[in-house]
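The figures here come from the full heavy-atom set of this structure, side chains too, leaving out hydrogens, waters and symmetry mates.
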Amino acid sequence: WGILFSHPRDFTPVCTTELGRAAKLAPEFSKRNVKLIALSIDNVQDHLSWSKCSCAWASLVAPGDAHCGISTVLWPSRSRPRAGLSRTSTRAGETSSGHPLTLSPSAQVFIFGPDKKLKLSILYPATTGRNFDEILRVVDSLQLTAYKKVATPVDWKAGDSVMVVPTLPDEEAKKLFPKGVFTKDLPSGKKYLRYTPQP
C-alpha cells in the first residue's frame, strides 16, 4: 500500500504541520504496511531543510537537530520542476514568505493498493490541512474491504460492526460470518442493511 500526498511547495505553513503529523504517525502507517511519499516542487536541499522545520513543529526533535525520521519515512520527496506540477493564480495570493499559495489541485492525497491501482483520492484546498486520522481510518476500511466481503458504514472506526456487501447471498453470508448477520428494520420492509461484527 502507498500514499502520495502533494504540496504546493516547501516551507508552506499548513503543509509543515502536515509533514510533522505524518512523521508522528509513521509507526501507525508502518503497522498497516503503508509507505508515505510527499511530493513537492522544490529542490532536494529545500526538502531536507523543510523536514527539520516539520520535525521541530511536531516536537519530535529540537529545532537544531538533523531530522526526526522524515528523511527515511517521507523522503525522498520527489523534486519536480515548478512548471507543470503546480498552477498558481493571482486570486490565490501569496504566503508571508512570498511563495505563491496554489489552488487546491496541489493539495491532494492518493492511496494506492498493492495492485498499484488507485483506491482513493481526496482533493483539499491549500488552506485546509489534511486530517491524517481520517486518512488512517480510510486505510483501515480499504484494507478490510479489500480482503473481506464487507463494507464500512458512515463514521465507521476499526472495531465497529461492518456491513455485508449486497452481492453476497444470505446463506453464504451466514457461513462466512459465524458471529452472526443482523438486519436493520426499515419502513420499506427490505432487509438490505445487514451488519456483522468486524471480521
Locate the shortest heavy-atom distance separating [X] from [Y]; write the atom from each residue and the value.
X	Y	result
G159	Q198	N-OE1, 2.6 Å
T196	G180	OG1-O, 2.7 Å
L186	K190	CD1-O, 3.9 Å
S161	P153	O-CD, 3.9 Å
F110	Q108	CZ-OE1, 2.7 Å

Could you see if [X] belongs to whatever hydrophobic cluster contains [Y]? Use Ile, Leu, Val, Met, Phe, Trp, Tyr and a side-chain cutoff under 4.5 Å.
X	Y	value
Y195	V162	no
V165	Y192	no
L144	V138	no

Please determine if [X] and [Y] form a salt bridge, counting it only when a charged side-chain N lies under 4.0 Å from a carboxylate O.
X	Y	result
R32	E28	yes
R21	D133	yes
D170	K191	no

Rounded to the nearest 0.5 Å, what separation is found between the [atom1] atom of [X] and the [atom2] atom of [Y]?
X	Y	atom1	atom2	answer
K149	F177	NZ	CZ	8.5 Å
K31	L25	NZ	CG	10.5 Å
K119	T145	NZ	OG1	9.0 Å
R194	K174	CZ	NZ	10.0 Å
R130	L19	CZ	CG	8.5 Å
Y147	L142	OH	CG	10.0 Å

Point to revise | Side chains of L193 and M163 in contact at under 4.5 Å (non-hydrogen atoms) | key: yes
Check your understanding: Can you tell if the side chain of F132 reaches within under 4.5 Å of the side chain of E134, non-hydrogen atoms only?
Key -> no
Check your understanding: Is the count of non-hydrogen atoms from other residues, nucleotides or ligands lying under 6.0 Å from D155 atom CG greater than 12?
Key ->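 Not more than 12 within 6.0 Å, no.
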Practice item. Might you work through the side chain to side chain contact (heavy atoms under 4.5 Å, CB included) test for W1 and Q143, ending with a clear yes or no? Key: CA-CA 9 Å; W1 293 80; Q143 292 183 340; 3.3 Å; yes
Revision key, fill the gap. Those residues at least two apart in sequence (or on a different chain) that pass ring-ring contact (aromatic ring centres under 6.0 Å, His included) with F112 are none
**Study point:** Partner of I111 under side chain to side chain contact (heavy atoms under 4.5 Å, CB included), chosen from L120, L4, L118
**Key:**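 Only one option passes, and that is L120.
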Check your understanding: Do side-chain atoms of R137 reach the backbone of W156 as a donor and acceptor pair under 3.5 angstrom?
Key ->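 Yes.
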Review point. Are F5 and Y124 close enough that their ring centres sit under 6.0 Å apart?
Key: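 Judged by ring-centre distance (under 6.0 Å), F5 and Y124 do not meet the cut-off.
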